[in-house]
Colleague: 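Pasting a structure here, questions to come.
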Amino acid sequence: MGRHCWRRRLLAVACLGASLLLLCCSRRALLLAFENRALGSGWLSGKRRSPLQMLYDLDKGPPSPLAELHRQRRDSLRRACERHTRRQRLLQPEDLRHVLVDDTHGLLYCYVPKVACTNWKRVLLALRGHARGDPSAIPAHEAHAPGRLPSLADFSTAEVNRRLRAYLAFLFVREPFERLASAYRNKFTRPYHAAFQKRFGTRIVRRLRPSAHPDALARGHDVRFAEFLAYLLDPRTQREEPFNEHWERAHALCHPCRLRYDVVGKFETLAEDSAFVLGLAGAPGLRFPAPPPRAQAAAARDRAARLFRDISAFYQRRLFNLYKMDFLLFNYSAPSYLRLH
């Protein structure tokens with residue numbers, strides 16, 4: 001990582017501390033801060049090396065292909081931020097809501113829906129002792145239950161900055177259009193998401209389908225992919241409320257140009273990157289739930305390509321511009337099936 005990287009990290013934390021607007025500090029947040037100070041004391045007191053120190057040791061030590069890959073990803077993200085971002089708004093507490101905290105192991109994880117976030121939440125719960133350390137034994141609804149994992153937004157400014165200085169921060173990203181296609185298929189074509197469809201699907205049908213059938217207006221269960229994309233591109237959508245987290249851009253959820261991330265994992269290399277993080281956390285024996293087989297991953301890419309090929313070039317270009325920053329920051333090429341010129 002090098003001495004200059006540590007200086008940049010401290011500078012980033014100082015800037016965040018100066019810009020973060022905390023409107024109030026709840027009693028629960030103060031209790032969390034007090035209790036979690038003790039939880040992290042094992043490595044903060046020097047009894048064992050923290051994940052961030054482990055990463056620093058890897059960067060200083062003999063060359064490791066995986067450590068070098070992650071160093072390159074960090075450098076690529078930093079350069080992209082310098083090249084493509086200008087003035088940015090001040091961060092507020094809710095901007096940190098997606099950054100989950102593991103004080104025992106010194107980890108900060110920013111979760112991006114549709115990028116293995118259910119399994120990573122299971123892993124964080126298993127690290128805390130749930131399900132006897134077996135992530136696969138934790139049901140999805142428990143992993144997503146509110147309050148199961150503390151968020152960085154729960155802490156005071158001083159406690160936020162202390163964690164940003166000392167903890168290993170990581171996130172996982174995915175090719176943006178594959179993630180978008182996955183969100184559509186999961187949320188709008190599966191019968192077990194009837195409540196989600198009633199909330200968002202009915203809104204999409206009302207706005208974009210003239211003379212819609214009363215059943216579609218009541219249930220929102222048959223939203224077409226083209227209607228979903230038109231809803232995202234409609235200026236009224238973001239004026240009414242922020243994007244839902246399942247299709248919000250990764251950079252808008254995790255703010256990688258304001259918060260420094262030490263590991264940028266990718267869905268395309270999920271198994272290797274997850275093992276790398278768990279090794280840094282001192283839990284190499286904890287088994288990350290098996291990622292999709294290669295054939296299944298290839299099938300997901302093909303499904304995304306088929307969905308987008310039916311979209312006009314005009315809407316493809318507009319949609320690419322909407323998600324362009326995720327392509328640029330996380331070094332993804334535009335899919336070959338897009339007609340951008």
Side-chain angles (χ1 to χ4, degrees), residues 88-89 91-102 107-125 138-154 169-190 192-204 220 223 225 227-259 261 264-267 270 300 304 307 319 322-327 329-330 332:
Q88 300 181 70
R89 66 176 179 80
L91 290 181
Q92 303 221 9
E94 281 306 304
D95 293 319
L96 305 176
R97 183 60 57 191
H98 273 245
V99 182
L100 304 180
V101 179
D102 179 349
L107 299 173
L108 298 174
Y109 163 56
C110 185
Y111 71 92
V112 179
K114 309 312 300 174
V115 193
C117 76
T118 301
N119 282 338
W120 261 111
K121 288 179 179 181
R122 286 171 167 146
V123 166
L124 292 180
L125 288 171
I138 300 173
H141 71 273
E142 287 188 20
H144 291 296
R148 294 300 300 275
L149 292 163
S151 161
L152 201 56
D154 295 327
F170 69 100
L171 79 165
F172 276 74
V173 295
R174 184 178 187 177
E175 195 277 320
F177 280 9
E178 283 185 30
R179 177 177 168 244
L180 197 58
S182 176
Y184 166 75
R185 292 183 67 254
N186 180 255
K187 294 299 182 183
F188 291 107
T189 69
R190 301 286 192 266
Y192 48 79
H193 282 308
F196 193 94
Q197 292 161 14
K198 189 173 182 63
R199 178 181 175 189
F200 290 99
T202 56
R203 189 179 306 171
I204 294 171
V223 170
F225 189 59
E227 292 174 328
F228 170 58
L229 299 185
Y231 169 75
L232 298 183
L233 293 169
D234 188 335
R236 290 173 292 179
T237 300
Q238 288 195 76
R239 281 204 300 265
E240 291 173 359
E241 63 178 351
F243 272 173
N244 179 267
E245 63 179 7
H246 292 88
W247 48 80
E248 178 61 281
R249 286 69 54 93
H251 77 272
L253 294 174
C254 296
H255 311 285
C257 296
R258 303 298 299 274
L259 307 177
Y261 286 94
V264 179
K266 294 199 170 187
F267 188 78
L270 179 61
L307 285 170
L319 198 71
L322 183 62
Y323 286 86
K324 187 175 182 178
M325 192 60 75
D326 276 1
F327 282 98
L329 293 181
F330 302 116
Y332 283 107

Colleague: Would you name the heavy atoms of Ala153 and Pro93 that are closest together and state the gap between them?
Modeller: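 It is CB-O, 3.2 Å.
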Colleague: Show your reasoning for whether side-chain contact (heavy atoms from CB on, under 4.5 Å) applies to Leu152 and Tyr109.
Modeller: CA-CA 10 Å; Leu152 201 56; Tyr109 163 56; over 6 Å; no
Colleague: Are Leu259 and Leu108 close enough, and set up right, to give a side-chain contact (heavy atoms from CB on, under 4.5 Å), and what steps lead you there?
Modeller: CA-CA 11 Å; Leu259 307 177; Leu108 298 174; over 6 Å; no
Colleague: Is there any salt bridge (charged side-chain N to carboxylate O under 4.0 Å, His left out) pair reaching into residues 107-116, and which pairs are they, with sequence neighbours excluded?
Modeller: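 Matches after skipping sequence neighbours: none remain.
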Colleague: Give the minimum heavy-atom separation between Phe330 and Pro256, together with the two atoms involved.
Modeller: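 Distance-wise, the nearest heavy atoms are CZ-CG, 3.9 Å.
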Colleague: Strictly below 4.0 Å, N to O, side chains only: are Glu241 and Arg203 in salt-bridge contact?
Modeller: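 Result for this pair is yes, salt bridge flagged.
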Colleague: Working note: Thr202 + Gln197, criterion side-chain contact (heavy atoms from CB on, under 4.5 Å); need CA distance, chi angles, decisive distance, verdict.
Modeller: CA-CA 7 Å; Thr202 56; Gln197 292 161 14; over 6 Å; no
Colleague: Do Tyr231 and Asp234 have side-chain heavy atoms sitting under 4.5 Å apart?
Modeller: no
Colleague: I need the minimum non-hydrogen distance between Cys117 and Val112, along with the two atoms involved.
Modeller: CB-O, 3.7 Å
Colleague: Between the main-chain N or O of Glu178 and the side-chain N or O of Ser182, is there a donor-acceptor pair closer than 3.5 Å?
Modeller: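 The answer is no, because no donor-acceptor pair under 3.5 Å joins these two groups.
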Colleague: Which heavy atom of Glu142 sits nearest to which heavy atom of Leu125, and what is that distance?
Modeller: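 Taking every non-hydrogen atom into account, O-CD1, 4.2 Å.
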Colleague: Roughly how far, to the nearest 0.5 Å, is CG of Leu100 from NZ of Lys121?
Modeller: 6.0 Å
Colleague: Would you check if Arg185 and Arg190 make a side-chain contact, meaning some heavy-atom pair closer than 4.5 Å?
Modeller: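 Yes - at least one pair of side-chain heavy atoms lies under 4.5 Å apart.
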Colleague: Are the side chain of Thr237 and the backbone N or O of Leu232 linked by a donor-acceptor pair below 3.5 Å?
Modeller: no
Colleague: Between the main-chain N or O of Asp95 and the side-chain N or O of His98, is there a donor-acceptor pair closer than 3.5 Å?
Modeller: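 A pair under 3.5 Å: no.
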Colleague: Search all heavy atoms of Arg179 against all heavy atoms of Leu253 and return the closest pair with its distance.
Modeller: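 Looking at all heavy atoms of both residues, the closest pair is NH2-CD1, 4.0 Å.
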Colleague: Check whether any side-chain heavy atom of Val115 sits under 4.5 Å from a side-chain heavy atom of Leu171, and report yes or no.
Modeller: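 Heavy-atom side-chain distance check fails, nothing below 4.5 Å.
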Colleague: If the test is ring-ring contact (aromatic ring centres under 6.0 Å, His included), which one of Phe267, Tyr111, Phe172 qualifies with Trp120?
Modeller: Phe172
Colleague: Whether Lys187 engages the ring of Phe200 as a cation-pi pair (distance to the six-membered ring centre under 6.0 angstrom, angle to the ring normal within 45°) should be assessed.
Modeller: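 Lys187 over Phe200 ring: no.
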Colleague: Is the backbone N or O of Pro113 less than 3.5 Å from a side-chain atom of Arg174, with the two atoms forming a donor-acceptor pair by type?
Modeller: no
Colleague: Just by distance, do the side chain of Ser151 and the backbone of Leu96 share a donor-acceptor pair under 3.5 Å?
Modeller: yes
Colleague: Of all heavy-atom pairs between Ala143 and Arg122, which one has the smallest distance, and what is that distance?
Modeller: CB-CG, 3.9 Å
Colleague: Any sub-3.5 Å donor-acceptor pair from Arg249's side-chain atoms to Leu322's backbone N or O?
Modeller: yes
Colleague: Is the closest side-chain heavy-atom distance between Leu307 and Phe177 below 4.5 Å?
Modeller: no
Colleague: Could you go through Val173 and Asp326, starting from their C-alpha distance and side-chain angles, then the distance that decides it, and tell me whether this counts as side-chain contact (heavy atoms from CB on, under 4.5 Å)?
Modeller: CA-CA 9 Å; Val173 295; Asp326 276 1; over 6 Å; no
Colleague: For Tyr323, which residues count as a ring pair (Phe, Tyr, Trp, His ring centres under 6.0 Å) partner, sequence neighbours excluded?
Modeller: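 Partners of Tyr323 by the ring pair (Phe, Tyr, Trp, His ring centres under 6.0 Å) criterion come out as none, since no residue qualifies.
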Colleague: Ring centroids only, cut at 6.0 angstrom: are Phe188 and Phe225 within range, meaning strictly under it?
Modeller: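 No, they do not, as the ring centres are separated by 6.0 Å or more.
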